[in-house]
Amino acid sequence: QVQLVESGGGLVQAGGSLRLSCAASVRAFSTYAMGWFRQAPGKEREFVAAISWSGQSTNYADSVKGRFTISRDNAKNTGYLQMNSLKPEDTAGYYCALCNRGVAASSSTDYAYWGQGTQVTVSS
């Protein structure tokens with residue numbers, strides 16, 4: 001049984017920052033890659049960022065590169081997404097997920113386990 005719980009979402013003004021957390025209840029968390037995806041109303045789910053099992057390899061969508069930073073603390077079974085310089089177009093539900101291959105994949109089909117999501121709303 002795998003459970004992922006995201007937190008840290010909320011309402012923020014454009015230009016502000018938020019840090020999302022993903023707490024994982026899973027055996028051998030350090031063997032999974034972790035990804036973040038988002039989905040806005042009326043839009044398809046899109047890749048945001050991913051980090052390999054070791055934390056040494058990262059992958060970012062072009063739309064967030066330079067603004068968002070993905071990280072993980074394997075000792076705490078927790079992943080993070082630091083979001084800076086937020087824009088209204090970042091508004092979406094944000095979901096964390098685990099990939100059992102351990103690579104920083106960008107396709108949602110590579111991820112087996114998903115959290116319930118946390119809402120991020122950026123006002124102009």
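Residues take their numbers from the sequence shown, with the count starting at 1. The structure presented is a predicted model; accordingly, all values stated were derived computationally and were not measured.
Of the inter-residue distances, the one linking Tyr80 atom OH with Asp73 atom CG reads 5.5 Å to the nearest 0.5 angstrom. In this structure, the separation between NZ on Lys87 and OG1 on Thr91 is 12.5 Å, given to the nearest 0.5 Å.
Counting only residues at least two apart or on different chains, no ring pair (Phe, Tyr, Trp, His ring centres under 6.0 Å) pair has a member in residues 50-75.
No side-chain heavy atom of Met83 sits under 4.5 Å from any side-chain heavy atom of Arg19. No side-chain heavy atom of Arg101 sits less than 4.5 Å from a side-chain heavy atom of Tyr32. Between Ser52 and Val103, the closest side-chain pair of non-hydrogen atoms is not below 4.5 Å.
At a threshold of 4.5 Å between side-chain heavy atoms, the hydrophobic network of Ile, Leu, Val, Met, Phe, Trp and Tyr places Tyr113 and Phe29 in one connected group.
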- Applying side-chain hydrogen bond (donor to acceptor under 3.5 Å, both in side chains), run through Gln39 and Glu46 and close with a yes or a no. CA-CA 6 Å; Gln39 187 167 22; Glu46 66 174 342; over 6 Å; no

- Task: Go through Leu81 and Thr69 one step at a time and tell me if the side-chain contact (heavy atoms from CB on, under 4.5 Å) criterion holds.
- Result: CA-CA 6 Å; Leu81 184 69; Thr69 303; over 6 Å; no

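In this structure, Tyr95 contributes its side chain and Arg45 its backbone to no donor-acceptor pair below 3.5 Å. Without hydrogens or angle criteria, Thr118 side chain to Gly9 main chain gives a donor-acceptor distance under 3.5 Å. With Thr109 contributing its side chain and Ser107 its backbone, the two residues share no donor-acceptor pair below 3.5 Å. Side chain of Gln3 to main chain of Ala24: no donor-acceptor pair is present (N/O by atom type, distance under 3.5 Å, no hydrogens or angles).
Lys43 pairs by the salt bridge (Lys or Arg N to Asp or Glu O under 4.0 Å) definition with nothing, not counting sequence neighbours. With sequence neighbours excluded, the residues that form a salt bridge (Lys or Arg N to Asp or Glu O under 4.0 Å) with Asp90 are Arg38, Arg67.
Between Phe37 and Phe47, the ring planes are perpendicular. Angles over 60° get that label, and only those under 30° would be called parallel.
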